[in-house]
Visitor: 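Before I ask anything, let me first share the structure, which is written out below as structure tokens.
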Amino acid sequence: MRALILKHDGYEREMPDDPTLTEMDPFVRLGELPVPEPGEGQVRIRVALAAVNPSDEMFIQGLYGQPRIQGNAAGFEGVGEVVASGGGSLADRLVGRRVAFVAAVGVPGTWAEYSIADAALCIPLVDGVRDEDGAAMIVNPLTALAMLDIVQGEGAPSFIVSAGASQLCKLMIGLAAEKGLRPIALVRRDSQIELLEGLGAAHVLNIEGEDFASRLRAVVREEKPRVFLDAVANQLSARVFHVMGRHARWVIYGKLDAELPTLVEPGQLIFMNKHIEGFWLTRWMRDTPMEEKAAAIQTAQSRFATGEWRTDVTAVLSLEEAMSRLPAELATPNGKVFLEP
Ligand SMILES: NC(=O)c1ccc[n+]([C@@H]2O[C@H](COP(=O)([O-])OP(=O)(O)OC[C@H]3O[C@@H](n4cnc5c(N)ncnc54)[C@H](OP(=O)(O)O)[C@@H]3O)[C@@H](O)[C@H]2O)c1
């Protein structure tokens with residue numbers, strides 16, 4: 001089968017100055033791999049569409065929280081038809097079904113004609129769900145739902161998100177507004193302000209605007225956000241956290257900027273009970289009770305089926321096209337790129 005195959009093992013030792021993916025060739029090659037065999041409790045899936053998430057970009061460069069396996073296909077998330085079972089009643093029942101899935105650890109990933117998933121981590125899809133939504137149904141939607149629980153657990157209606165026009169934040173902002181929450185979104189393009197206000201953001205601030213610092217202070221005074229969901233984690237993030245009030249939580253869940261943040265006033269952690277923490281879906285999947293995970297999966301699927309959530313698509317590329325065009329397509333704002341093996 002054809003696949004985009006990892007060229008390196010393990011992790012990159014040094015964080016590059018800029019983690020943006022500009023070339024594929026140093027990290028993956030287009031090649032042939034044997035069709036993989038599912039183990040007990042696993043299924044083989046013919047991949048219809050595979051997502052390209054920021055985590056994939058970091059992973060192929062050796063910058064993600066999981067080691068690369070040289071010679072394996074890349075790609076975490078996708079959608080496709082289950083074509084074989086490795087045994088076990090759950091896996092057997094999935095044969096012939098269209099499923100959203102995350103590839104099992106240590107097997108060929110989703111940037112390939114076939115991939116392997118644990119049957120328990122496959123979501124059988126209803127007809128109304130498009131492949132583009134199925135291929136992006138797990139990583140971002142479940143993270144958005146889990147992090148909204150963190151916000152709701154704090155009891156304050158307002159919260160701040162960085163990278164506000166990401167697919168993840170767009171899902172979160174719409175749902176948060178429906179729940180009566182008041183998201184404050186940070187973006188770096190004026191063109192995204194109306195879009196996010198339309199989805200339900202209470203405020204959208206351009207971090208590159210000259211008056212950003214004073215507007216942020218005013219909005220924080222007015223809304224008193226308790227949680228900062230941050231996918232950028234640079235010095236501006238540290239300044240946002242500094243402006244927030246007592247008991248604020250800075251939840252870092254991505255590192256879209258290579259700049260390292262320095263705390264503006266560490267004393268705030270001591271005297272104002274402010275906290276810094278991380279969120280990783282992999283840990284949430286491991287630690288969350290099954291019923292809670294099932295409820296989140298159910299919510300995600302039904303929101304996509306009804307059209308309340310929709311994945312914006314910038315491009316669908318073949319594996320060949322990905323080798324030359326993927327970095328440029330990823331640089332186009334406001335949508336996701338998919339691979340069609
Ligand atoms: N921790 C977890 O478990 C977990 C799970 C899922 C996702 N994530 C993280 O969530 C984030 C969003 O994922 P996604 O798939 O929704 O992303 P996406 O749709 O590709 O969007 C990325 C967004 O980040 C913005 N951005 C990129 N570099 C930036 C920088 N240096 N400063 C400010 N903004 C920047 C882009 O802004 P422009 O529109 O201006 O280009 C874009 O809006 C990623 O960091 C991803 O790794 C984490």
Side-chain angles (χ1 to χ4, degrees), residues 15-22 50-61 63-66 75-77 102 132-133 135-150 160-174 185-193 195-196 199 201 204-209 212 228-240 250-261 277-288 296 300 309-315 326-338:
M15 183 78 175
D17 291 342
D18 184 354
T20 310
L21 185 68
T22 52
V52 180
N53 289 315
S55 49
D56 293 300
E57 289 178 64
M58 300 295 270
F59 176 69
I60 65 173
Q61 296 180 79
L63 305 173
Y64 195 64
Q66 182 174 318
F76 287 127
E77 187 176 26
V102 172
E132 293 85 337
D133 294 323
M137 181 168 288
I138 298 177
V139 176
N140 281 341
L142 297 191
T143 303
L145 290 166
M147 292 200 305
L148 267 189
D149 275 352
I150 296 177
I160 304 178
V161 294
S162 61
S166 69
Q167 284 304 303
L168 192 156
C169 285
K170 285 189 278 188
L171 302 178
M172 195 156 46
I173 287 168
L186 310 182
V187 297
R188 53 182 185 178
R189 302 173 201 269
D190 280 342
S191 58
Q192 291 165 337
I193 293 176
L195 171 81
L196 299 188
L199 288 176
V204 185
L205 307 181
N206 186 338
I207 56 174
E208 295 187 351
F212 171 70
F228 174 25
L229 302 175
D230 182 24
V232 179
N234 60 6
Q235 191 53 33
L236 187 123
S237 302
R239 294 217 307 274
V240 171
W250 178 7
V251 181
I252 298 175
Y253 70 97
K255 183 76 184 102
L256 289 165
D257 197 307
E259 183 186 51
L260 294 176
E277 63 200 81
F279 176 88
W280 193 23
L281 184 66
T282 304
R283 201 169 48 234
W284 182 87
M285 291 292 267
R286 203 185 50 213
D287 298 346
T288 305
W309 275 353
R310 197 177 162 81
T311 305
D312 298 318
V313 180
T314 21
L326 184 60
E329 296 293 354
L330 287 172
T332 312
N334 298 343
K336 288 221 86 61
V337 181
F338 292 95

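Counting starts at 1 for both ligands and their atoms, following the listed order. Computation of the quantities below employed the complete heavy-atom set of this structure, encompassing side-chain atoms and omitting hydrogens, waters and symmetry-equivalent molecules.
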Visitor: Please verify the inter-ring angle class for F59 with F76; under 30° counts as parallel, over 60° as perpendicular, anything in between as tilted.
Guide: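 If you compare the ring of F59 with that of F76, the planes turn out tilted.
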
Visitor: Side-chain contact test, heavy atoms from C-beta onward, threshold under 4.5 Å: evaluate it for L229 versus M172 and give yes or no.
Guide: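 When only atoms from C-beta onward are counted, M172 and L229 do touch, with a gap below 4.5 Å.
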
Visitor: By side chain to side chain donor-acceptor pair (under 3.5 Å), which residues pair with E132, not counting sequence neighbours?
Guide: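 E132 satisfies side chain to side chain donor-acceptor pair (under 3.5 Å) with no other residue.
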
Visitor: Residues in side-chain contact (heavy atoms from CB on, under 4.5 Å) with A50, at least two apart?
Guide: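 Result, side-chain contact (heavy atoms from CB on, under 4.5 Å) vs A50: V47, T110, W111, L339.
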
Visitor: Could you pull out every protein residue that has a heavy atom closer than 4.0 Å to ligand 1, ordered by chain and then number?
Guide: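 Lining ligand 1 at under 4.0 Å, by heavy atoms, one finds P54, V139, N140, T143, A163, A165, S166, Q167, L168, R188, R189, Q192, A231, V232, Y253, G254, L256, D257, F279, W280, L281, P333, K336.
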
Visitor: Using the test side-chain contact (heavy atoms from CB on, under 4.5 Å), find all partners of L236 that sit at least two apart in sequence or belong to another chain.
Guide: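 Partners of L236 under the side-chain contact (heavy atoms from CB on, under 4.5 Å) test: I207, F212, N234, R239, V240.
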
Visitor: Would you say D17 has more than 12 foreign heavy atoms packed within less than 6.0 Å of its CG?
Guide: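 Counting other residues, nucleotides and ligands, CG of D17 stays at 12 neighbours or fewer.
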
